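Here is the structure we will look at.
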Amino acid sequence: MNTRKFVLYDDSDDGGKDSPAHGASLEKYQSELNSAQFEAVTTTDGALLVVAGAGTGKTKTLTYRVGYLIESGVPASDILLLTFTRRAAQEMLARAAAICDSRCSQIQGGTFHAFAHKLLRLHASQIGLAENFTVLDQADAEETLDIVRTALGFNKKEKRFPKKRTLATVISTSRNKQLPIELVVEAQYPHFLSFAEEIEFLAKKYREYKRANALLDFDDLLTELRDLFLNFPELGHQISSSLRYVMVDEYQDTNLVQAELVAHFSAVHKNVMAVGDDAQSIYAFRGANYRNILDFPNQFPECKLIKLEENYRSTPEILSLTNFVINRAKEKFTKTLFSRKPEGELPAIVSAPDERFQTRFIAQRILELREEGVPLREIAVLMRNGRDSYALELELRKRNIPFVKFGGQKVVEAAHIKDFLAYLKLIYNPRDVISWNRVLQLLEGVGPKTAKQVIEWVKDSGSPYEIGGVKMSAKYAASLKNLGDLLGSLSSGKKSLGETAAAVMNYYLPLMHEKYYEDFPKREKDLENFLNIIANYQNLETLLAELALDPIELTAIETEPAKPDEQPMTLSTIHSAKGLEWRTVFLINMLDGVLPSKYAVDDAASLDEELRLLYVAMTRAKSLLYVCYPIVCTQRGFEDYMSNPSRFLQKLPDALYERILLVQEKRKSPPQLSGKAKPQLQKKASGGKNENFNDDNLPF
DNA sequence: AGAGTCTCGGTTTTT
DNA sequence: CCGAGACTCT
Ligand SMILES: Nc1ncnc2c1ncn2[C@@H]1O[C@H](COP(=O)(O)OP(=O)(O)OP(=O)(O)O)[C@@H](O)[C@H]1O
């Protein structure tokens with residue numbers, strides 16, 4: 001006979017705090033956590049700060065705490081989990097979900113921006129925000145700024161007026177760091193100081209423009225939500241009442257606005273936990289301030305502080321190197337991590353003759369590791385800049401090694417996809433000036449001036465899609481009508497998103513062939529793949545908002561869909577790798593000028609941040625770490641030149657690492673691949689007497 | 001005058 | 001590899 005459980009919901013307010021709900025399961029927590037972690041997990045009420053180094057189990061503690069709360073009877077929807085980056089958010093939520101059962105899907109959270117967006121959509125009408133507001137991504141924000149700048153005539157007046165990119169950076173930095181524009185300009189672009197007033201004015205006009213057109217940029221998502229709490233206290237109270245437990249991972253990455261939001265979220269229940277590591281603060285450039293984490297105890301009185309010092313991720317060898325590296329910071333950190341993991345291999349520094357060799361080394365080593373039984377998903381290649389992996393991507397494709405990439409160019413940043421999306425955006429919002437501008441200029445004979453005329457007409461027209469009727473020279477009449485008819489017919493909302501996209505594609509393809517006659521086949525493939533992805537979204541509004549907040553990597557549509565039988569390896573910028581771990585990690589292009597970035601070398605604070613970046617990168621590795629760089633660099637428009645390895649790698653104690661020499665030989669055993677010679681590797685411990693290799697006795 | 005073409009210079013990291 | 005500006009064509 002079947003027995004079914006019947007769940008009695010406990011809606012009483014004390015959430016079973018005193019109920020013996022745990023009993024047996026407490027042991028589970030006790031056995032899988034060390035005592036400090038256990039204490040953090042079971043300290044559920046009040047403010048709690050966990051400061052600890054890389055790999056000490058901060059995220060583990062946080063996710064176990066979620067499990068613990070849920071087992072105590074706290075509804076998952078009362079728990080809010082936040083962090084700054086999308087990747088870390090994804091990891092955090094996935095790990096939390098793995099701890100407990102299906103209830104976990106009810107956990108609130110994700111990135112700060114995504115959560116703010118959700119709340120704003122939900123409460124738009126109550127705070128005087130248009131319900132169908134549009135989220136501007138980086139590029140949209142810059143275009144919008146450009147419109148305002150042109151309207152003000154700032155682009156004409158002075159030749160040297162800053163570019164839209166610079167303007168966007170200045171305005172955003174000023175908001176994120178809550179500093180006056182003048183100070184930001186002075187600090188970052190002193191040569192533009194004479195324009196400070198104009199930029200200030202521009203920022204004001206930009207703000208007004210966004211408000212008038214129901215546009216929110218990324219910064220607005222956070223500040224609008226903060227303003228909700230300030231200006232609509234009852235609504236704010238209602239929101240925070242539903243968030244009984246607030247937890248923030250990677251707290252060192254928060255900026256002032258985010259810290260304010262955390263305070264608002266937890267204002268009612270005051271159960272707030274922050275987790276972070278000041279040695280891993282790598283987002284100062286966007287206003288993150290590791291002082292937030294140091295100030296946390298002041299902000300939340302009676303805050304309990306817990307430190308974790310045992311690293312469970314990396315071998316002692318890797319940890320010795322990373323401890324040494326982080327100690328090179330000007331501003332010292334006091335934590336020293338230890339590991340009780342079994343001994344492993346020394347981290348290796350690989351100086352490749354040039355980029356080509358670096359690429360071949362990595363590709364070959366990955367295949368060897370796979371042969372040895374290391375799954376690809378346990379391997380990552382990390383880099384400072386998204387484009388540092390282009391050559392490697394080609395090689396991996398050539399060798400059929402599946403990979404996913406994080407932190408590269410986004411789909412929505414590719415010109416042909418932007419074109420395509422512009423039509424969809426117009427269907428969603430016929431007053432989207434940026435998209436009109438883009439779409440109109442795709443028409444033969446239409447440039448900036450004609451587009452502007454049409455847009456002026458559209459602005460005060462009651463039926464914006466009827467651009468066929470604009471009094472214009474006959475030259476454009478037909479094509480304008482065509483465009484207007486297409487958009488008009490698709491805006492009725494009768495067609496599914498997939499059908500709409502297909503119709504747009506049908507219209508756009510011939511224009512695309514014209515505009516990109518050089519490489520349209522590749523772009524057409526992209527569009528086809530993109531079309532398939534689009535079809536999975538519910539509707540246009542969701543699609544557009546999601547693409548802004550959680551953009552798809554360009555490589556995701558350029559690569560053939562992954563084979564389901566093998567999980568891919570990872571390529572990632574170091575920034576996007578935060579909070580993750582792999583058995584084997586390769587760092588590529590570790591050159592001076594790359595890491596540290598050439599933009600950071602003149603300033604001690606920036607240099608320290610670059611060092612922390614290297615620290616984050618190295619501490620991602622569980623058991624094997626390869627630090628690679630090419631000796632000779634090739635750069636477009638320059639002669640080949642000798643590079644310098646990162647200054648952070650200079651004068652490392654010999655005992656901490658070994659060097660790998662790349663030696664090219666013909667393959668003796670089965671000529672597997674094309675039979676071409678592949679580099680073999682030879683290891684030399686750097687500690688030995690005559691084996692202390694440096695770059696000039698490499699055999700190249 | 002406005003559209004189309006070509007060249008040069010600048011290029012971080014994220015939401 | 002894209003955007004801005006100079007230059008040329010209609
Ligand atoms: N008490 C423990 N016993 C065994 N393994 C542990 C313990 N705590 C953490 N680990 C393991 O150590 C690894 C690192 O943990 P986690 O990712 O939570 O660290 P973290 O502090 O968040 O690191 P980072 O700051 O680098 O993101 C994970 O594989 C985790 O499972």
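Chain naming here is simple, since letters A, B, ... match the order of the sequence lines and numbering starts at 1 in each. Small disclaimer: the values here were computed from a predicted structure and weren't measured.
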All N/O contacts under 3.5 Å from nucleotides 4-9 of chain B to the protein, with atom names and distances to one decimal?
from   : atom 1 : to        : atom 2 : distance (Å)
dG4(B) : OP1    : Gly445(A) : N      : 2.8

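- Here dG10(B) presents its P atom at 14 Å from CZ of Arg387(A), a figure rounded to the nearest Å.
- The residue Gln138(A) sits close to a base: some heavy atom pair falls under 4.0 Å.
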Pull out every protein N or O sitting under 3.5 Å from an N or O of nucleotides 7-10 of chain C, one pair per line with the distance.
none

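- Residues satisfying the side-chain hydrogen bond (donor to acceptor under 3.5 Å, both in side chains) criterion with Asp550(A), sequence neighbours excluded, are Arg86(A).
- Here the OH atom belonging to Tyr283(A) is positioned 13.0 Å from the OG1 atom belonging to Thr254(A), to the nearest 0.5 angstrom.
- Each of Asp278(A), Asp277(A), Ile282(A) was compared with Tyr290(A) under the side-chain contact (heavy atoms from CB on, under 4.5 Å) criterion, and only Asp278(A) meets it.
- With sequence neighbours excluded, the residues forming a ring pair (Phe, Tyr, Trp, His ring centres under 6.0 Å) with Phe229(A) are His264(A), Phe265(A), listed by chain and number.
- For Asn385(A) and dT13(B), the CG to P distance is 5 Å, given to the nearest whole Å.
- Pro448(A) comes within 4.0 angstrom of sugar-phosphate atoms only, judged by non-hydrogen atoms across all strands, and of no base.
- Remark: side-chain polar atoms of Asp608(A) are paired, donor with acceptor, to backbone N or O of Glu331(A) under 3.5 angstrom.
- Between Arg86(A) and dT15(B) there is a side-chain polar atom (N or O) within less than 4.0 angstrom of OP1 or OP2.
- Aromatic rings from His416(A) and Phe530(A) are positioned such that their centres are separated by 6.0 Å or more.
- Aromatic stacking is marked for Phe285(A) over dT13(B), as both cut-offs hold: 5.5 Å for the centres and 30° for the planes.
- In this structure, Asp140(A) atom CG and dT14(B) atom P are separated by 18 Å, rounded to whole Å.
- At whole-Å resolution of the value, NZ in Lys578(A) and P in dT14(B) are 12 Å apart.
- Nearest nucleotide to the Thr450(A) side chain, out of dT14(B), dT12(B), dA3(B): dA3(B).
- Legend: residues meeting ring pair (Phe, Tyr, Trp, His ring centres under 6.0 Å) with Phe420(A), ordered by chain and number and at least two apart, are absent.
- Comparing Asp219(A) and Ala600(A) by the nucleotide of DNA chain B whose heavy atom lies nearest to each, the residue mapping closer to the 5' end is Ala600(A).
- Closest approach to the Lys449(A) side chain among dT15(B), dT11(B), dG2(B) is made by dG2(B) (side chain taken as heavy atoms from C-beta onward).
- Lys405(A) pairs with exactly one of Ser576(A), Ser572(A), Ser389(A) by the side chain to side chain donor-acceptor pair (under 3.5 Å) rule, that one being Ser389(A).
- Per the geometry, CG belonging to Leu382(A) stands 14 Å off P belonging to dT13(B), to the nearest Å.
- At distances below 3.5 Å, not a single donor-acceptor pair connects side-chain atoms of Asn213(A) with backbone N or O atoms of Leu215(A).
- Nearest to the side-chain atoms of Arg286(A) among the listed nucleotides dT14(B), dT15(B), dT12(B) stands dT14(B).
- A sub-4.0 Å separation between OP1 or OP2 of dT14(B) and a side-chain N or O of Ser576(A) is present.
- What separates CG of Leu222(A) from P of dT14(B) is a distance of 17 Å, to the nearest Å.
- Under 3.5 Å, the side chain of Arg384(A) and the base of dT13(B) form at least one donor-acceptor pair of N or O atoms.
- Checking the phosphate oxygens (OP1, OP2) of dA4(C), a side-chain nitrogen or oxygen of Lys164(A) falls inside 4.0 Å.
- Counting to the nearest Å, the P atom of dT12(B) and the CG atom of Asp388(A) are 12 Å from each other.
- For residues 570-579 of chain A, the pairs satisfying salt bridge (charged side-chain N to carboxylate O under 4.0 Å, His left out) are Glu250(A)-Lys578(A), Asp253(A)-Lys578(A), with sequence neighbours left out.
- Ring geometry for Tyr508(A) against Tyr423(A) counts as tilted: the plane angle lies between 30° and 60°, on a 0 to 90° scale.
- Considering only side-chain atoms of Tyr599(A), the nucleotide from dT12(B), dT15(B), dA4(C) that sits closest is dT12(B).
- Atom CD of Glu91(A) is separated from atom P of dT14(B) by 17 Å (rounded to the nearest Å).
- The side chain of Phe84(A) approaches dT14(B) more closely than any other nucleotide in the set dA3(B), dC2(C), dT14(B).
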